Enquirer: 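Sending over a structure as C-alpha coordinates; questions will come in a sec.
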Amino acid sequence: MSGSALFLRAMLARAYPRVLGLVREPTWMLQETLLPMLSVAAYALVYRTLNAPDYIAFVILGGAMTAFWLNVLWAMAAQFFWERDSGLLELYVLSPAPMMAILAGMALGGIVMTFVRAATILVAGLLLFDLRLEPTSWLGLLGVFVLTLLALYGLGMVFASAFLMWGREAWHLVNLMQEPVYLLSGINYPVRTLGSVVAVIAAALPLTLGVDALRQLLFGAKAVGLLPLWAEVALLALAALGFLLLASWCLAVLERRARQEGRLASRNQ
Amino acid sequence: MTHFLRSLGQGFWLGWQIESNWARPWLFVLYTLVKPVTGTLVLVFMFRAAAQATGTEQPELLAFAYVGNAVYMLVAAISSGMTTAVVQDRESYGMLRYVRASPVVFEGWLIGRALATGARAGIGAVWTLALGLLLPLGLRELLDPAGIDWLGLACALACGGVLLVGLGLLLAAAVLNMARHGSFLGEGVGSALYLLSGAIFPLAVLPGWLQGVAVTLPPTLWLEAVRRSLLGLAGAGPLAGWSDGALQVALAGASALLLVVGWSVFRCADRRARQRGRYDLTTGF
(Lines give C-alpha, C1' and ligand atoms only; values in the text may rest on other atoms or scores of the structure.)
Protein backbone atom coordinates (compact mmCIF):
# COMPACT_ATOMS: atom_id res chain seq x y z
CA MET A 1 0.00 0.00 0.00
CA SER A 2 1.36 3.42 -0.92
CA GLY A 3 2.05 5.98 1.79
CA SER A 4 -0.80 8.23 0.78
CA ALA A 5 -3.29 5.35 0.60
CA LEU A 6 -2.24 4.21 4.08
CA PHE A 7 -2.58 7.79 5.35
CA LEU A 8 -6.07 8.08 3.86
CA ARG A 9 -7.25 4.72 5.20
CA ALA A 10 -5.87 5.39 8.68
CA MET A 11 -7.47 8.82 8.69
CA LEU A 12 -10.88 7.50 7.67
CA ALA A 13 -10.60 4.63 10.14
CA ARG A 14 -9.96 7.04 13.00
CA ALA A 15 -12.77 9.34 11.88
CA TYR A 16 -15.22 6.42 11.59
CA PRO A 17 -15.97 5.85 15.31
CA ARG A 18 -16.57 9.53 15.85
CA VAL A 19 -19.07 9.78 13.01
CA LEU A 20 -20.76 6.53 13.94
CA GLY A 21 -20.80 7.56 17.59
CA LEU A 22 -23.34 10.22 16.65
CA VAL A 23 -26.04 7.59 16.19
CA ARG A 24 -24.79 4.83 18.51
CA GLU A 25 -25.56 6.66 21.74
CA PRO A 26 -28.61 8.90 21.33
CA THR A 27 -28.20 10.50 24.77
CA TRP A 28 -24.91 11.96 23.57
CA MET A 29 -26.78 13.82 20.88
CA LEU A 30 -29.01 15.31 23.57
CA GLN A 31 -26.10 16.33 25.72
CA GLU A 32 -24.19 17.68 22.73
CA THR A 33 -27.03 19.84 21.45
CA LEU A 34 -29.49 20.72 24.21
CA LEU A 35 -27.04 21.37 27.03
CA PRO A 36 -24.82 23.93 25.28
CA MET A 37 -27.97 25.68 24.09
CA LEU A 38 -28.98 26.30 27.71
CA SER A 39 -25.93 28.40 28.56
CA VAL A 40 -26.09 30.14 25.16
CA ALA A 41 -29.70 31.07 25.96
CA ALA A 42 -28.64 32.41 29.37
CA TYR A 43 -26.08 34.76 27.75
CA ALA A 44 -28.58 35.78 25.07
CA LEU A 45 -31.07 36.70 27.79
CA VAL A 46 -28.45 38.97 29.37
CA TYR A 47 -28.42 41.04 26.17
CA ARG A 48 -32.21 41.03 26.12
CA THR A 49 -32.15 42.38 29.68
CA LEU A 50 -29.72 45.09 28.58
CA ASN A 51 -31.83 46.08 25.56
CA ALA A 52 -29.00 45.18 23.17
CA PRO A 53 -30.79 42.74 20.86
CA ASP A 54 -28.19 43.08 18.06
CA TYR A 55 -25.68 41.22 20.17
CA ILE A 56 -27.95 38.22 20.73
CA ALA A 57 -26.89 36.96 17.31
CA PHE A 58 -23.24 37.33 18.43
CA VAL A 59 -23.95 35.00 21.34
CA ILE A 60 -25.64 32.43 19.12
CA LEU A 61 -22.78 32.45 16.60
CA GLY A 62 -20.26 32.43 19.45
CA GLY A 63 -22.03 29.44 21.01
CA ALA A 64 -21.86 27.53 17.74
CA MET A 65 -18.16 28.29 17.23
CA THR A 66 -17.41 27.49 20.87
CA ALA A 67 -18.55 23.95 20.15
CA PHE A 68 -15.60 23.60 17.78
CA TRP A 69 -13.17 25.07 20.30
CA LEU A 70 -14.41 22.61 22.95
CA ASN A 71 -14.03 19.78 20.48
CA VAL A 72 -10.49 20.89 19.69
CA LEU A 73 -9.64 20.95 23.39
CA TRP A 74 -11.34 17.79 24.60
CA ALA A 75 -11.35 15.59 21.52
CA MET A 76 -8.07 16.68 19.94
CA ALA A 77 -5.73 18.16 22.55
CA ALA A 78 -6.56 15.79 25.39
CA GLN A 79 -7.45 12.85 23.18
CA PHE A 80 -4.09 11.09 23.38
CA PHE A 81 -4.43 11.28 27.15
CA TRP A 82 -7.75 9.38 26.98
CA GLU A 83 -6.33 6.99 24.38
CA ARG A 84 -3.41 6.19 26.66
CA ASP A 85 -5.83 5.69 29.54
CA SER A 86 -7.89 3.20 27.53
CA GLY A 87 -4.80 1.43 26.15
CA LEU A 88 -5.26 2.49 22.53
CA LEU A 89 -2.30 4.84 22.22
CA GLU A 90 0.28 2.07 22.28
CA LEU A 91 -1.66 0.27 19.53
CA TYR A 92 -1.58 3.38 17.34
CA VAL A 93 2.15 3.66 17.82
CA LEU A 94 2.72 -0.04 17.08
CA SER A 95 0.59 0.02 13.92
CA PRO A 96 2.07 1.11 10.57
CA ALA A 97 -0.41 4.04 10.40
CA PRO A 98 1.25 7.48 10.51
CA MET A 99 0.37 9.37 13.68
CA MET A 100 -0.46 12.46 11.60
CA ALA A 101 -3.15 10.37 9.89
CA ILE A 102 -4.58 9.45 13.29
CA LEU A 103 -4.65 13.13 14.20
CA ALA A 104 -6.21 14.06 10.86
CA GLY A 105 -8.86 11.37 11.37
CA MET A 106 -9.60 12.67 14.84
CA ALA A 107 -10.01 16.14 13.37
CA LEU A 108 -12.22 14.98 10.50
CA GLY A 109 -14.47 12.94 12.79
CA GLY A 110 -14.50 15.77 15.32
CA ILE A 111 -15.56 18.30 12.69
CA VAL A 112 -18.46 16.11 11.52
CA MET A 113 -19.51 15.38 15.09
CA THR A 114 -19.30 19.01 16.17
CA PHE A 115 -20.94 20.37 13.05
CA VAL A 116 -24.19 18.74 14.17
CA ARG A 117 -23.88 20.38 17.58
CA ALA A 118 -22.95 23.77 16.16
CA ALA A 119 -25.70 23.68 13.54
CA THR A 120 -28.28 22.76 16.18
CA ILE A 121 -27.19 25.63 18.43
CA LEU A 122 -27.32 28.01 15.48
CA VAL A 123 -30.73 26.92 14.18
CA ALA A 124 -32.30 26.62 17.64
CA GLY A 125 -30.87 29.99 18.65
CA LEU A 126 -32.14 31.70 15.52
CA LEU A 127 -35.61 30.23 15.95
CA LEU A 128 -35.78 30.81 19.69
CA PHE A 129 -34.73 34.46 19.49
CA ASP A 130 -36.38 35.16 16.14
CA LEU A 131 -33.20 36.16 14.31
CA ARG A 132 -32.25 36.02 10.65
CA LEU A 133 -28.85 35.63 9.05
CA GLU A 134 -28.22 37.62 5.89
CA PRO A 135 -24.55 37.24 4.96
CA THR A 136 -23.03 39.51 2.37
CA SER A 137 -21.57 36.44 0.68
CA TRP A 138 -22.46 32.80 1.33
CA LEU A 139 -19.34 31.66 -0.51
CA GLY A 140 -17.16 33.96 1.57
CA LEU A 141 -18.85 32.70 4.71
CA LEU A 142 -18.13 29.09 3.75
CA GLY A 143 -14.51 29.94 2.91
CA VAL A 144 -13.90 31.72 6.21
CA PHE A 145 -15.62 28.91 8.12
CA VAL A 146 -13.41 26.26 6.48
CA LEU A 147 -10.26 28.33 7.08
CA THR A 148 -11.24 28.82 10.72
CA LEU A 149 -11.73 25.08 11.17
CA LEU A 150 -8.38 24.34 9.53
CA ALA A 151 -6.62 26.78 11.85
CA LEU A 152 -8.48 25.57 14.95
CA TYR A 153 -7.90 21.88 14.28
CA GLY A 154 -4.29 22.58 13.27
CA LEU A 155 -3.82 24.14 16.69
CA GLY A 156 -5.59 21.11 18.18
CA MET A 157 -3.03 18.84 16.50
CA VAL A 158 -0.19 20.88 18.03
CA PHE A 159 -1.83 20.57 21.45
CA ALA A 160 -2.37 16.83 20.96
CA SER A 161 1.35 16.36 20.34
CA ALA A 162 2.22 18.37 23.43
CA PHE A 163 -0.28 16.41 25.50
CA LEU A 164 1.61 13.21 24.71
CA MET A 165 4.00 14.37 27.39
CA TRP A 166 1.36 15.17 29.99
CA GLY A 167 -0.49 12.99 32.43
CA ARG A 168 -3.36 13.87 34.74
CA GLU A 169 -2.70 17.58 34.38
CA ALA A 170 -4.06 17.33 30.82
CA TRP A 171 -7.63 17.45 32.13
CA HIS A 172 -7.00 20.58 34.17
CA LEU A 173 -4.97 22.32 31.49
CA VAL A 174 -7.72 21.78 28.96
CA ASN A 175 -10.16 23.15 31.49
CA LEU A 176 -7.92 26.16 31.94
CA MET A 177 -8.05 26.88 28.22
CA GLN A 178 -11.81 27.38 28.20
CA GLU A 179 -12.89 30.53 30.03
CA PRO A 180 -9.72 32.57 29.36
CA VAL A 181 -10.10 31.85 25.64
CA TYR A 182 -13.80 32.74 25.74
CA LEU A 183 -12.79 36.04 27.32
CA LEU A 184 -10.01 36.85 24.86
CA SER A 185 -11.72 35.67 21.69
CA GLY A 186 -14.78 37.83 22.29
CA ILE A 187 -17.23 35.09 21.46
CA ASN A 188 -20.06 37.00 23.13
CA TYR A 189 -19.08 40.59 22.27
CA PRO A 190 -17.05 42.51 19.69
CA VAL A 191 -13.41 41.79 20.46
CA ARG A 192 -12.66 45.53 20.26
CA THR A 193 -14.53 45.87 23.58
CA LEU A 194 -11.40 44.43 25.21
CA GLY A 195 -9.43 47.52 24.15
CA SER A 196 -7.08 47.78 21.18
CA VAL A 197 -3.96 46.30 22.79
CA VAL A 198 -5.63 43.24 24.30
CA ALA A 199 -7.67 42.74 21.13
CA VAL A 200 -4.54 42.62 18.98
CA ILE A 201 -2.96 40.08 21.35
CA ALA A 202 -6.20 38.09 21.25
CA ALA A 203 -5.92 37.99 17.45
CA ALA A 204 -3.21 35.35 17.91
CA LEU A 205 -6.05 32.92 18.63
CA PRO A 206 -7.66 31.51 15.49
CA LEU A 207 -11.01 31.50 17.27
CA THR A 208 -10.84 35.31 17.66
CA LEU A 209 -10.06 35.88 13.99
CA GLY A 210 -12.53 33.28 12.75
CA VAL A 211 -15.46 34.52 14.82
CA ASP A 212 -14.68 38.15 13.97
CA ALA A 213 -14.42 37.43 10.24
CA LEU A 214 -17.67 35.43 10.27
CA ARG A 215 -19.39 38.31 12.07
CA GLN A 216 -18.14 40.81 9.50
CA LEU A 217 -19.68 38.70 6.75
CA LEU A 218 -22.90 38.17 8.65
CA PHE A 219 -23.57 41.49 10.34
CA GLY A 220 -21.59 44.04 8.33
CA ALA A 221 -20.85 47.27 10.20
CA LYS A 222 -22.66 46.05 13.33
CA ALA A 223 -19.87 43.48 13.77
CA VAL A 224 -17.42 46.20 14.88
CA GLY A 225 -14.64 44.14 13.28
CA LEU A 226 -11.13 44.04 14.65
CA LEU A 227 -9.14 44.00 11.38
CA PRO A 228 -10.21 44.35 7.74
CA LEU A 229 -11.78 41.13 6.49
CA TRP A 230 -9.02 40.41 3.98
CA ALA A 231 -6.39 40.70 6.71
CA GLU A 232 -8.26 38.30 8.97
CA VAL A 233 -8.64 35.81 6.10
CA ALA A 234 -4.92 36.04 5.30
CA LEU A 235 -3.99 35.56 8.96
CA LEU A 236 -6.31 32.58 9.26
CA ALA A 237 -4.77 30.96 6.17
CA LEU A 238 -1.28 31.55 7.58
CA ALA A 239 -2.30 30.16 10.95
CA ALA A 240 -3.82 27.04 9.35
CA LEU A 241 -0.68 26.31 7.37
CA GLY A 242 1.65 27.17 10.23
CA PHE A 243 -0.19 25.04 12.79
CA LEU A 244 -0.31 22.00 10.49
CA LEU A 245 3.44 22.20 9.84
CA LEU A 246 4.15 22.81 13.51
CA ALA A 247 1.94 19.85 14.50
CA SER A 248 3.84 17.54 12.19
CA TRP A 249 7.17 18.65 13.67
CA CYS A 250 5.93 18.56 17.28
CA LEU A 251 4.48 15.10 16.81
CA ALA A 252 7.76 13.69 15.51
CA VAL A 253 9.83 15.27 18.30
CA LEU A 254 7.46 14.63 21.18
CA GLU A 255 6.57 11.09 20.13
CA ARG A 256 10.28 10.23 20.16
CA ARG A 257 10.69 11.84 23.56
CA ALA A 258 7.59 10.12 24.95
CA ARG A 259 9.02 6.75 23.79
CA GLN A 260 12.36 7.49 25.43
CA GLU A 261 10.71 8.49 28.71
CA GLY A 262 8.24 5.60 28.66
CA ARG A 263 5.18 7.88 28.69
CA LEU A 264 3.26 6.23 25.86
CA ALA A 265 1.91 3.38 27.95
CA SER A 266 1.98 4.63 31.53
CA ARG A 267 -1.54 5.29 32.72
CA ASN A 268 -2.94 7.32 35.63
CA GLN A 269 0.17 9.50 35.76
CA MET B 1 -22.29 10.93 63.80
CA THR B 2 -18.56 10.70 64.54
CA HIS B 3 -18.31 7.90 62.03
CA PHE B 4 -20.14 10.01 59.45
CA LEU B 5 -17.90 13.00 60.04
CA ARG B 6 -14.77 10.85 59.83
CA SER B 7 -15.96 9.43 56.50
CA LEU B 8 -16.71 12.94 55.29
CA GLY B 9 -13.25 14.08 56.32
CA GLN B 10 -11.59 11.18 54.52
CA GLY B 11 -13.65 11.84 51.39
CA PHE B 12 -12.71 15.51 51.56
CA TRP B 13 -9.01 14.72 52.01
CA LEU B 14 -8.98 12.34 49.04
CA GLY B 15 -11.02 14.75 46.93
CA TRP B 16 -8.67 17.60 47.74
CA GLN B 17 -5.65 15.48 46.81
CA ILE B 18 -7.25 14.66 43.45
CA GLU B 19 -8.17 18.31 42.94
CA SER B 20 -4.78 19.71 43.84
CA ASN B 21 -1.89 17.28 43.54
CA TRP B 22 -1.79 17.08 39.75
CA ALA B 23 0.38 20.16 39.45
CA ARG B 24 2.99 22.30 41.12
CA PRO B 25 1.40 24.67 43.68
CA TRP B 26 1.81 27.77 41.50
CA LEU B 27 -0.02 26.14 38.59
CA PHE B 28 -2.79 24.94 40.87
CA VAL B 29 -3.20 28.44 42.31
CA LEU B 30 -3.25 29.89 38.80
CA TYR B 31 -5.86 27.35 37.74
CA THR B 32 -8.01 28.02 40.81
CA LEU B 33 -7.91 31.78 40.42
CA VAL B 34 -7.78 32.45 36.66
CA LYS B 35 -10.58 30.20 35.48
CA PRO B 36 -13.42 31.63 37.63
CA VAL B 37 -12.36 35.24 37.15
CA THR B 38 -12.12 35.04 33.37
CA GLY B 39 -15.51 33.32 33.23
CA THR B 40 -17.06 36.22 35.12
CA LEU B 41 -15.14 38.87 33.17
CA VAL B 42 -16.87 37.59 30.01
CA LEU B 43 -20.06 38.95 31.57
CA VAL B 44 -18.39 42.25 32.44
CA PHE B 45 -17.32 42.77 28.82
CA MET B 46 -20.81 41.83 27.62
CA PHE B 47 -22.15 44.63 29.79
CA ARG B 48 -19.48 47.00 28.46
CA ALA B 49 -20.34 46.10 24.84
CA ALA B 50 -24.03 46.66 25.52
CA ALA B 51 -23.29 49.98 27.20
CA GLN B 52 -21.27 51.12 24.18
CA ALA B 53 -24.08 50.08 21.84
CA THR B 54 -26.98 51.55 23.80
CA GLY B 55 -25.20 54.41 25.57
CA THR B 56 -26.63 53.30 28.92
CA GLU B 57 -24.59 51.89 31.82
CA GLN B 58 -26.49 49.50 34.11
CA PRO B 59 -24.24 49.03 37.18
CA GLU B 60 -26.96 47.48 39.32
CA LEU B 61 -27.65 44.80 36.74
CA LEU B 62 -23.92 44.17 36.37
CA ALA B 63 -23.57 43.71 40.13
CA PHE B 64 -26.61 41.41 40.07
CA ALA B 65 -25.09 39.24 37.32
CA TYR B 66 -21.54 39.39 38.71
CA VAL B 67 -22.53 38.20 42.19
CA GLY B 68 -24.94 35.61 40.76
CA ASN B 69 -22.28 34.18 38.48
CA ALA B 70 -19.68 34.05 41.25
CA VAL B 71 -22.01 32.31 43.69
CA TYR B 72 -23.30 29.94 41.03
CA MET B 73 -19.82 28.42 40.75
CA LEU B 74 -20.64 26.50 43.92
CA VAL B 75 -23.82 25.02 42.42
CA ALA B 76 -21.94 23.82 39.36
CA ALA B 77 -19.01 22.48 41.40
CA ILE B 78 -20.99 20.49 43.94
CA SER B 79 -23.68 19.19 41.58
CA SER B 80 -21.07 17.87 39.15
CA GLY B 81 -18.55 17.05 41.92
CA MET B 82 -20.52 14.11 43.30
CA THR B 83 -21.44 12.64 39.93
CA THR B 84 -17.84 12.93 38.75
CA ALA B 85 -16.63 11.24 41.95
CA VAL B 86 -18.92 8.25 41.34
CA VAL B 87 -17.97 7.81 37.69
CA GLN B 88 -14.27 8.53 38.14
CA ASP B 89 -13.83 6.19 41.10
CA ARG B 90 -15.86 3.44 39.48
CA GLU B 91 -14.60 3.55 35.92
CA SER B 92 -11.25 5.29 35.89
CA TYR B 93 -9.66 4.28 39.19
CA GLY B 94 -11.77 1.13 39.73
CA MET B 95 -11.99 1.75 43.48
CA LEU B 96 -15.66 2.53 44.11
CA ARG B 97 -16.38 -1.11 44.97
CA TYR B 98 -13.63 -1.09 47.60
CA VAL B 99 -14.91 2.14 49.10
CA ARG B 100 -18.41 0.68 49.23
CA ALA B 101 -17.12 -2.51 50.81
CA SER B 102 -15.12 -0.60 53.44
CA PRO B 103 -16.69 0.57 56.73
CA VAL B 104 -16.96 4.26 55.64
CA VAL B 105 -20.39 5.90 55.62
CA PHE B 106 -20.75 6.05 51.86
CA GLU B 107 -22.93 9.17 51.78
CA GLY B 108 -20.51 10.99 54.08
CA TRP B 109 -17.55 9.99 51.97
CA LEU B 110 -19.25 11.19 48.76
CA ILE B 111 -20.30 14.46 50.38
CA GLY B 112 -16.67 14.93 51.42
CA ARG B 113 -15.53 14.37 47.85
CA ALA B 114 -18.02 16.97 46.59
CA LEU B 115 -17.04 19.44 49.32
CA ALA B 116 -13.44 19.28 48.08
CA THR B 117 -14.63 20.38 44.63
CA GLY B 118 -16.85 22.93 46.35
CA ALA B 119 -13.90 24.26 48.38
CA ARG B 120 -11.94 24.97 45.22
CA ALA B 121 -14.98 26.62 43.66
CA GLY B 122 -15.55 28.56 46.89
CA ILE B 123 -12.02 29.95 46.75
CA GLY B 124 -12.68 30.94 43.13
CA ALA B 125 -15.99 32.59 44.05
CA VAL B 126 -14.52 34.59 46.94
CA TRP B 127 -11.56 35.63 44.77
CA THR B 128 -13.91 36.68 41.98
CA LEU B 129 -15.97 38.79 44.38
CA ALA B 130 -12.82 40.31 45.86
CA LEU B 131 -11.53 41.20 42.41
CA GLY B 132 -14.92 42.69 41.61
CA LEU B 133 -14.40 45.04 44.53
CA LEU B 134 -10.90 45.96 43.40
CA LEU B 135 -11.73 46.59 39.75
CA PRO B 136 -13.72 49.67 38.70
CA LEU B 137 -16.88 47.72 37.89
CA GLY B 138 -19.29 49.63 40.11
CA LEU B 139 -19.50 46.67 42.48
CA ARG B 140 -17.60 48.55 45.22
CA GLU B 141 -20.28 51.23 45.35
CA LEU B 142 -23.05 48.64 45.71
CA LEU B 143 -21.31 46.15 48.00
CA ASP B 144 -20.95 48.22 51.14
CA PRO B 145 -19.82 46.06 54.12
CA ALA B 146 -21.95 48.19 56.46
CA GLY B 147 -25.01 47.49 54.35
CA ILE B 148 -24.56 43.71 54.13
CA ASP B 149 -27.17 41.70 55.99
CA TRP B 150 -24.65 39.37 57.66
CA LEU B 151 -27.26 37.28 59.47
CA GLY B 152 -29.24 36.81 56.28
CA LEU B 153 -26.06 35.92 54.43
CA ALA B 154 -25.05 33.35 57.06
CA CYS B 155 -28.53 31.76 56.95
CA ALA B 156 -28.50 31.73 53.14
CA LEU B 157 -25.05 30.16 53.00
CA ALA B 158 -25.98 27.49 55.55
CA CYS B 159 -29.16 26.65 53.64
CA GLY B 160 -27.18 26.69 50.39
CA GLY B 161 -24.78 24.08 51.77
CA VAL B 162 -27.68 21.79 52.71
CA LEU B 163 -29.37 22.42 49.36
CA LEU B 164 -26.28 21.61 47.33
CA VAL B 165 -25.58 18.41 49.27
CA GLY B 166 -29.18 17.31 48.64
CA LEU B 167 -28.88 18.11 44.94
CA GLY B 168 -25.53 16.33 44.72
CA LEU B 169 -26.92 13.19 46.38
CA LEU B 170 -29.88 13.18 44.05
CA LEU B 171 -27.61 13.34 41.00
CA ALA B 172 -25.14 10.82 42.42
CA ALA B 173 -28.07 8.46 42.98
CA ALA B 174 -28.95 8.67 39.30
CA VAL B 175 -25.37 8.22 38.12
CA LEU B 176 -24.82 5.23 40.37
CA ASN B 177 -27.09 3.24 38.06
CA MET B 178 -25.97 4.79 34.79
CA ALA B 179 -23.11 4.15 32.38
CA ARG B 180 -19.97 6.28 32.14
CA HIS B 181 -21.60 9.15 30.27
CA GLY B 182 -23.85 9.65 33.29
CA SER B 183 -21.26 12.08 34.59
CA PHE B 184 -22.67 14.56 32.08
CA LEU B 185 -25.88 14.56 34.11
CA GLY B 186 -24.25 16.85 36.68
CA GLU B 187 -23.01 19.15 33.94
CA GLY B 188 -26.44 19.11 32.27
CA VAL B 189 -28.34 19.92 35.43
CA GLY B 190 -25.75 22.63 36.12
CA SER B 191 -26.40 24.21 32.70
CA ALA B 192 -30.17 23.98 33.09
CA LEU B 193 -30.05 25.58 36.52
CA TYR B 194 -27.75 28.34 35.22
CA LEU B 195 -30.54 29.34 32.86
CA LEU B 196 -33.56 28.64 35.04
CA SER B 197 -32.30 30.02 38.34
CA GLY B 198 -31.64 33.43 36.78
CA ALA B 199 -28.00 33.34 37.82
CA ILE B 200 -27.00 36.17 35.48
CA PHE B 201 -30.28 37.91 34.61
CA PRO B 202 -33.50 38.80 36.43
CA LEU B 203 -36.21 36.15 36.17
CA ALA B 204 -38.58 38.72 34.65
CA VAL B 205 -36.85 38.25 31.30
CA LEU B 206 -37.89 34.57 31.11
CA PRO B 207 -41.23 33.64 29.51
CA GLY B 208 -44.08 33.54 32.07
CA TRP B 209 -44.37 29.77 32.31
CA LEU B 210 -40.62 29.40 32.83
CA GLN B 211 -40.74 31.97 35.62
CA GLY B 212 -43.18 29.64 37.38
CA VAL B 213 -40.75 26.74 36.97
CA ALA B 214 -37.80 28.88 38.12
CA VAL B 215 -39.48 29.84 41.40
CA THR B 216 -39.91 26.19 42.36
CA LEU B 217 -36.16 25.53 42.06
CA PRO B 218 -34.27 25.84 45.36
CA PRO B 219 -31.10 27.30 43.72
CA THR B 220 -33.24 30.24 42.46
CA LEU B 221 -34.25 31.02 46.04
CA TRP B 222 -30.66 30.63 47.21
CA LEU B 223 -29.18 32.99 44.63
CA GLU B 224 -31.89 35.55 45.35
CA ALA B 225 -31.28 35.32 49.11
CA VAL B 226 -27.50 35.70 48.73
CA ARG B 227 -27.86 38.68 46.38
CA ARG B 228 -30.37 40.39 48.64
CA SER B 229 -28.16 39.99 51.70
CA LEU B 230 -25.01 41.13 49.86
CA LEU B 231 -26.34 43.86 47.58
CA GLY B 232 -29.76 44.63 48.98
CA LEU B 233 -31.08 44.14 45.44
CA ALA B 234 -34.20 42.12 44.64
CA GLY B 235 -34.27 40.70 41.11
CA ALA B 236 -37.20 41.77 38.92
CA GLY B 237 -39.64 38.92 38.50
CA PRO B 238 -41.86 36.65 40.56
CA LEU B 239 -39.67 36.86 43.69
CA ALA B 240 -39.62 40.66 43.75
CA GLY B 241 -42.69 40.85 45.97
CA TRP B 242 -41.36 38.35 48.53
CA SER B 243 -40.11 39.74 51.82
CA ASP B 244 -36.59 38.76 52.94
CA GLY B 245 -38.04 36.69 55.79
CA ALA B 246 -40.43 34.80 53.53
CA LEU B 247 -37.58 34.11 51.13
CA GLN B 248 -35.34 32.74 53.90
CA VAL B 249 -38.14 30.52 55.25
CA ALA B 250 -38.90 29.19 51.77
CA LEU B 251 -35.20 28.58 51.16
CA ALA B 252 -34.79 26.73 54.47
CA GLY B 253 -37.84 24.55 53.78
CA ALA B 254 -36.81 23.79 50.20
CA SER B 255 -33.24 22.96 51.25
CA ALA B 256 -34.36 20.60 54.02
CA LEU B 257 -36.81 18.92 51.68
CA LEU B 258 -34.18 18.48 48.98
CA LEU B 259 -31.75 16.96 51.46
CA VAL B 260 -34.33 14.46 52.72
CA VAL B 261 -35.38 13.54 49.19
CA GLY B 262 -31.77 13.35 47.97
CA TRP B 263 -30.70 11.16 50.88
CA SER B 264 -33.69 8.81 50.53
CA VAL B 265 -33.30 8.47 46.76
CA PHE B 266 -29.58 7.84 47.19
CA ARG B 267 -30.29 5.01 49.65
CA CYS B 268 -32.68 3.38 47.15
CA ALA B 269 -30.20 3.86 44.30
CA ASP B 270 -27.42 2.34 46.40
CA ARG B 271 -29.55 -0.75 47.11
CA ARG B 272 -30.43 -1.06 43.44
CA ALA B 273 -26.80 -0.62 42.37
CA ARG B 274 -25.71 -3.41 44.71
CA GLN B 275 -28.46 -5.72 43.44
CA ARG B 276 -27.44 -5.08 39.84
CA GLY B 277 -23.70 -5.17 40.39
CA ARG B 278 -23.25 -1.56 39.31
CA TYR B 279 -20.36 -0.93 41.68
CA ASP B 280 -18.24 -3.16 39.51
CA LEU B 281 -19.39 -1.59 36.25
CA THR B 282 -16.88 -0.51 33.64
CA THR B 283 -18.63 0.75 30.55
CA GLY B 284 -15.37 1.71 28.85
CA PHE B 285 -16.60 4.52 26.63
Side-chain angles (χ1 to χ4, degrees), chain A residues 17 21 24-25 27-28 30-32 34-55 58-59 62 85-86 166-173 175-184 186-195 198 222 224 267-269, chain B residues 18-24 27-28 30-32 34-54 56 58 61-62 64-65 69 92-93 178-179 181-182 184-185 187-202 204-206 236 284-285:
Chain A
R24 278 286 170 86
E25 178 52 66
T27 56
W28 281 14
L30 193 70
Q31 108 202 359
E32 287 288 307
L34 180 69
L35 299 188
M37 193 56 221
L38 295 173
S39 45
V40 168
Y43 283 119
L45 286 173
V46 170
Y47 278 132
R48 184 170 279 183
T49 311
L50 296 173
N51 294 319
D54 287 347
Y55 288 156
F58 281 36
V59 172
D85 216 30
S86 57
W166 288 334
R168 269 190 314 140
E169 66 267 40
W171 194 90
H172 297 275
L173 291 170
N175 236 327
L176 191 57
M177 281 191 270
Q178 285 181 202
E179 282 80 359
V181 169
Y182 297 162
L183 175 71
L184 284 175
I187 51 162
N188 288 343
Y189 44 80
V191 72
R192 273 180 186 272
T193 314
L194 292 168
V198 181
K222 281 183 190 168
V224 199
R267 291 169 208 171
N268 295 329
Q269 291 178 63
Chain B
I18 294 174
E19 285 288 321
S20 63
N21 76 359
W22 55 273
R24 291 170 199 276
L27 184 58
F28 175 68
L30 188 76
Y31 174 76
T32 307
V34 167
K35 193 174 154 62
V37 165
T38 47
T40 310
L41 284 179
V42 169
L43 271 177
V44 172
F45 282 102
M46 285 175 69
F47 273 77
R48 183 171 286 183
Q52 283 169 2
T54 59
T56 318
Q58 307 212 43
L61 272 177
L62 174 58
F64 180 92
N69 198 59
S92 189
Y93 303 131
M178 287 171 79
H181 57 275
F184 286 103
L185 187 70
E187 202 182 309
V189 169
S191 299
L193 287 176
Y194 190 63
L195 174 69
L196 293 175
S197 64
I200 55 172
F201 53 80
V205 80
L206 286 172
F285 65 90

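Proteins come first, then strands; the chains are lettered A, B, ... in the order of their sequence lines, and each starts at number 1. All values reported here derive from a predicted model rather than from experimental measurement.
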Enquirer: Identify which part of Ala192(B) has an atom lying under 4.5 Å from any heavy atom of chain A, answering side chain, backbone, both or neither.
Expert: both
Enquirer: Look at Asn51(A), Val181(A), Leu183(A) and state which one has the largest set of heavy-atom pairs under 4.5 Å with chain B.
Expert: Leu183(A)
Enquirer: Give, as side chain, backbone, both or neither, the part of Leu61(B) having an atom under 4.5 angstrom from any heavy atom of chain A.
Expert: side chain
Enquirer: For the residue pair Val42(B) and Tyr189(A), what are the closest heavy atoms and their distance?
Expert: O-CE2, 3.5 Å
Enquirer: Can you tell me which portion of Leu184(A) sits under 4.5 Å from chain B's heavy atoms? Options are side chain, backbone, both or neither.
Expert: neither
Enquirer: Taking the side chain as every heavy atom from C-beta outward, state whether Leu194(A) and Phe45(B) have any pair of such atoms under 4.5 Å apart.
Expert: yes
Enquirer: Can you name the closest pair of heavy atoms from Ala50(B) and Tyr55(A) and give their distance?
Expert: N-CE1, 4.1 Å
Enquirer: Using heavy-atom distances under 4.5 Å, tell me whether Phe28(B) contacts chain A through its side chain, its backbone, both, or neither.
Expert: neither
Enquirer: With the side chain counted from C-beta on, respond yes when Thr38(B) and Tyr182(A) share a heavy-atom pair under 4.5 Å apart, and no when they do not.
Expert: no
Enquirer: If you look at every heavy atom in Val34(B) and Pro180(A), which pair is closest and at what distance?
Expert: CG1-CG, 3.9 Å
Enquirer: Of the listed residues (Ala42(A), Pro36(A), Ala52(A), Ser39(A)), which shares the most heavy-atom pairs with chain B below a 4.5 Å separation?
Expert: Ala42(A)
Enquirer: What heavy-atom pair brings Thr49(A) and Gln58(B) nearest, and what distance separates the two atoms?
Expert: O-NE2, 4.3 Å
Enquirer: Measuring heavy-atom distances to chain A, does Leu206(B) have an atom under 4.5 Å in its side chain, in its backbone, in both, or in neither?
Expert: side chain
Enquirer: Go through Leu41(B), Leu196(B), Val44(B) and name the one with the most non-hydrogen pairs under 4.5 angstrom from chain A.
Expert: Leu41(B)
Enquirer: Work out which heavy atom in Leu45(A) is nearest to a heavy atom in Phe201(B); give both atom names and the distance.
Expert: CD1-CZ, 3.6 Å
Enquirer: So, for Tyr47(A) and Ala49(B), which heavy atoms are closest and what is the spacing to 0.1 Å?
Expert: OH-CB, 4.1 Å
Enquirer: Is it the side chain or the backbone of Phe58(A) that comes within 4.5 Å of chain B heavy atoms, both, or neither?
Expert: neither
Enquirer: Rounded to the nearest 0.5 Å, what's the gap from OG1 on Thr193(A) to CZ on Arg48(B)? Could you check?
Expert: 8.5 Å
